[in-house]
Student: 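My structure is below; once you've seen it, I'll send some questions.
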Amino acid sequence: MTALKLNDFLPYRMSIASNAVSDAVASAYRTLFGLRIPEWRLVAVLAEGGAMSQQALCGRTRMDKVTVSRAAIGLVERGLIARAANPTDQRSHLVALTAAGWQLYEQVAPKALELERRLFASFSDAEKEQLAAMLERIEAAATAFDGG
């Protein structure tokens with residue numbers, strides 16, 4: 001039987017790296033803006049994609065519906081997103097950024113880009129492009145693997 005060595009197991013290493021990055025980002029966003037990672041993800045996705053249903057947000061963020069729902073509730077309570085009837089599906093609502101949500105996004109986005117710049121400062125442009133391409137391939141393989 002082949003022994004599993006976690007430090008050599010790439011899915012484990014990716015998870016550890018992802019958690020380390022998420023922890024650094026979460027700390028910065030919580031301190032500066034009072035946002036948790038799921039809340040920031042919703043704000044960013046809505047800024048990029050416009051109004052959408054919570055189901056669509058689950059698909060775009062790869063977060064489960066409970067996490068998306070909790071994040072949306074918190075953002076609605078803070079006046080950062082608003083819910084409206086979905087004209088194409090009366091069983092769901094669309095959520096969109098409010099003016100305050102856009103204002104927050106405009107403050108957070110430059111901080112996010114700065115954090116990314118600092119995180120990848122020791123990487124060349126070619127290495128960053130290669131990493132992005134590999135991540136895209138990994139995501140595609142994982143999606144095919146889980147039938148999603």
Side-chain angles (χ1 to χ4, degrees), residues 9-148:
F9 187 59
L10 289 178
Y12 172 76
R13 297 291 305 273
M14 286 175 31
S15 178
I16 295 299
S18 174
N19 289 344
V21 171
S22 287
D23 289 348
V25 170
S27 177
Y29 292 169
R30 191 173 29 256
T31 300
L32 295 170
F33 304 104
L35 289 174
R36 296 177 304 122
I37 292 293
E39 293 168 337
W40 163 243
R41 285 185 186 161
L42 293 192
V43 168
V45 167
L46 291 170
E48 274 188 21
M52 63 185 73
S53 69
Q54 286 187 203
Q55 182 177 8
L57 284 166
C58 290
R60 290 280 304 272
T61 63
R62 304 266 314 168
M63 295 187 300
D64 64 74
K65 67 182 186 177
V66 171
T67 301
V68 168
S69 179
R70 286 184 182 149
I73 288 168
L75 293 169
V76 167
E77 288 173 354
R78 290 180 61 184
L80 299 172
I81 65 172
R83 296 176 194 256
N86 185 345
T88 61
D89 180 0
Q90 296 305 314
R91 297 168 295 161
S92 70
H93 290 84
L94 297 178
V95 293
L97 292 179
T98 62
W102 276 106
Q103 199 170 41
L104 177 76
Y105 175 77
E106 290 170 2
Q107 292 173 6
V108 177
K111 299 287 186 194
L113 292 171
E114 172 61 17
L115 194 143
E116 178 188 42
R117 187 196 64 72
R118 289 176 48 207
L119 184 64
F120 292 101
S122 67
F123 288 67
S124 70
D125 289 345
E127 287 173 320
K128 289 185 280 189
E129 289 173 16
Q130 186 177 25
L131 176 59
M134 287 189 290
L135 289 172
E136 195 171 301
R137 287 173 46 204
I138 291 166
E139 289 172 29
T143 300
F145 184 75
D146 73 10

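Note that the numbering runs from 1 along the sequence shown for the chain. Please read these numbers as outputs of a predicted model, since none were measured by experiment.
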Student: For a quick test of reading the model, state the closest non-hydrogen atom pair linking Ile81 to Ala72 and the distance between them.
Tutor: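 Residues Ile81 and Ala72, closest heavy atoms: CD1-O, 3.6 Å.
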Student: Do Glu48 and Arg60 have side chains that approach each other closer than 4.5 Å (heavy atoms only, starting at C-beta)?
Tutor: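 A side-chain contact exists here, since the closest heavy-atom pair is under 4.5 Å.
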Student: Can you name the side chain to side chain donor-acceptor pair (under 3.5 Å) partners of Arg83, sequence neighbours left out?
Tutor: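 Scan of Arg83 (side chain to side chain donor-acceptor pair (under 3.5 Å), adjacent residues dropped) gives Gln54.
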Student: Has the side chain of Ser22 got a donor or acceptor atom that lies under 3.5 Å from a matching backbone atom of Ser18?
Tutor: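 Side chain of Ser22 to backbone of Ser18: a pair is present.
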Student: Quick check: closest heavy atoms across Tyr105 and Ala44, and the distance to 0.1 Å?
Tutor: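 Looking at all heavy atoms of both residues, the closest pair is CE1-CA, 4.0 Å.
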Student: If you compare all heavy atoms of Ala71 against all heavy atoms of Leu42, which two are closest, and at what distance to 0.1 Å?
Tutor: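 Scanning both residues completely, I find the closest heavy atoms to be CB-CD1, 3.6 Å.
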Student: Residues in side chain to side chain donor-acceptor pair (under 3.5 Å) with Asn19, at least two apart?
Tutor: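 Partners of Asn19 by the side chain to side chain donor-acceptor pair (under 3.5 Å) criterion come out as none, since no residue qualifies.
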Student: Got a sec, which residues hit side chain to side chain donor-acceptor pair (under 3.5 Å) with Arg137, two or more places apart in sequence or on another chain?
Tutor: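 Here no residue qualifies.
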Student: Name all residues meeting the side chain to side chain donor-acceptor pair (under 3.5 Å) criterion together with Thr67; count only those two or more places apart in sequence or in a different chain, and write none if there are none.
Tutor: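 Counting only residues at least two positions away or on another chain, Thr67 forms a side chain to side chain donor-acceptor pair (under 3.5 Å) with Asp64.
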Student: Could you pull out the closest heavy-atom pair between Tyr29 and Ala112, with the gap in Å?
Tutor: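 That closest heavy-atom pairing would be OH-CB, 2.9 Å.
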Student: Does Glu127, at its CD atom, have more than 12 non-hydrogen atoms belonging to other residues, nucleotides or ligands within less than 6.0 Å?
Tutor: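 More than 12 heavy atoms, drawn from other residues, nucleotides or ligands, come within 6.0 Å of this atom.
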Student: Would you check if the side chain of Ser27 reaches a backbone N or O of Asp23 as a donor-acceptor pair within less than 3.5 Å?
Tutor: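 Side chain of Ser27 to backbone of Asp23, a donor-acceptor pair under 3.5 Å: no, none is there.
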Student: Does CZ in Arg70 sit with more than 12 non-hydrogen atoms of other residues, nucleotides or ligands closer than 6.0 Å?
Tutor: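 Count not over threshold, so no.
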Student: Which residues pass the ring pair (Phe, Tyr, Trp, His ring centres under 6.0 Å) test with Phe120, not counting sequence neighbours?
Tutor: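 Listed in chain order: Phe123.
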Student: Determine, stepwise, if the pair Glu39 / Leu80 fulfils side chain to side chain contact (heavy atoms under 4.5 Å, CB included).
Tutor: CA-CA 10 Å; Glu39 293 168 337; Leu80 299 172; over 6 Å; no
Student: What's the shortest heavy-atom distance between Ser53 and Leu94, and which atoms?
Tutor: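 Nearest heavy atoms, Ser53 then Leu94: N-CD2, 3.5 Å.
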Student: Under the 3.5 angstrom rule, does the side chain of Thr98 hit a backbone N or O of Ala82 as a donor-acceptor pair?
Tutor: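 No, the answer is negative, given that no donor and acceptor are paired below the 3.5 Å cut-off.
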Student: Let's go through Thr143 and Arg62 carefully: what are the C-alpha distance in whole Å and the side-chain angles of both, what is the deciding distance for side chain to side chain contact (heavy atoms under 4.5 Å, CB included) to 0.1 Å, and is it a yes or a no?
Tutor: CA-CA 11 Å; Thr143 300; Arg62 304 266 314 168; 4.1 Å; yes
Student: Taking it one step at a time, do Leu57 and Leu46 satisfy side chain to side chain contact (heavy atoms under 4.5 Å, CB included)?
Tutor: CA-CA 8 Å; Leu57 284 166; Leu46 291 170; 4.0 Å; yes
Student: Show, in sequence, the C-alpha distance, side-chain angles and deciding distance for Leu75 and Leu97, and conclude whether the side chain to side chain contact (heavy atoms under 4.5 Å, CB included) test is met.
Tutor: CA-CA 9 Å; Leu75 293 169; Leu97 292 179; over 6 Å; no
Student: Can you tell me which residue pairs pass the side-chain hydrogen bond (donor to acceptor under 3.5 Å, both in side chains) test with a partner in residues 106-123, sequence neighbours excluded?
Tutor: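 Applying side-chain hydrogen bond (donor to acceptor under 3.5 Å, both in side chains) to every pair that reaches into residues 106-123, excluding sequence neighbours, yields Glu114-Arg117.
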Student: Which heavy atom in Ala47 sits nearest to a heavy atom in Trp102, and how many Å separate them?
Tutor: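 Looks like O-CH2, 3.3 Å.
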